[in-house]
Structures are given as structure tokens and as C-alpha cells.
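Below is the structure I would like to discuss, written out as C-alpha cells.
What you see below is based on every heavy atom in this structure, not just the backbone, and it leaves out hydrogens, waters and symmetry mates. For this chain, numbers begin at 1 and follow the sequence in order.
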Amino acid sequence: MKPRLSRDKMMELMKNYCNGNYNRFGRELGVDPAHLYRFLKTGVGGGKKMIFSLMAFCEKNRLDYKNYIEM
């Protein structure tokens, strides 16, 4: 099975750090909020930009990005 981002855990992260606001979380990650919404709702668009953005966000906030990747 190919590793991928956990949408459920990213939703929790968004709720905890940005009060569930897609626009704010998208800005924090450095991705378009529409792209973020599409990924979190449907799973489409969780490519390398999303992964690297999440890794940078986790590093900035002293989180382990591995917690947000499903194996």
C-alpha cells in the first residue's frame, strides 16, 4: 500500500490550529483553500505540494508530520 496523507488527521489539525477555517489553514499551509477543501472532502489533490506544505507546517509548529501519513 502506498503512503498517503490522512484526511481525518488533517481535519483535526485544521480544527485545532485554525478553528476549522479552510481559508486560514490554507494560508498556513501555503496552498489554495479550494485545493485544500477538495482534498479534505474528496481525497483528490493530496500530491507532493500538499505533503511538503504539511511537513513545513509541522516543522514550524513542532509536530511530527509522520502522524499525518497513513502507511
### Query
Ignoring hydrogens and geometry, is there a side-chain-to-backbone donor-acceptor pair from K9 to N67 under 3.5 Å?
yes
#### Entry: Option passing side-chain contact (heavy atoms from CB on, under 4.5 Å) with L29 (candidates M14, K49, M10)
M10
### Query
Roughly how far, to the nearest 0.5 Å, is CG of D32 from CG of N23?
9.0 Å
## Note on the structure
Here the pair of heavy atoms bringing G45 nearest to H35 is O-NE2, 2.8 Å
### Query
Distance from F25 atom CZ to C18 atom SG, nearest 0.5 Å?
6.0 Å
### Task
Please say whether more than 12 non-hydrogen atoms of neighbouring residues, nucleotides or ligands are located less than 6.0 Å from OH in Y22.
yes
## Note on the structure
Paired with F57, the ring pair (Phe, Tyr, Trp, His ring centres under 6.0 Å) test is passed by just one of F52, Y17, Y68, namely Y17
#### Entry: Heavy-atom side-chain proximity of R27 to R24 below 4.5 angstrom
yes
### Task
Nearest 0.5 Å please: distance from the CZ atom of R7 over to the CE atom of M50.
11.0 Å
### Query
When you look at I51 and M55, which way does the side-chain contact (heavy atoms from CB on, under 4.5 Å) test go after all the steps?
CA-CA 6 Å; I51 292 169; M55 289 171 69; 3.9 Å; yes
### Query
Quick one: does D64's side chain have a donor or acceptor within less than 3.5 Å of a partner on K66's backbone?
yes
#### Entry: Atom pair CG/CE of N16 and M11 - distance to nearest 0.5 Å
11.5 Å
#### Entry: Rounded distance [0.5 Å steps], NZ in K41 versus CG in L36
10.5 Å
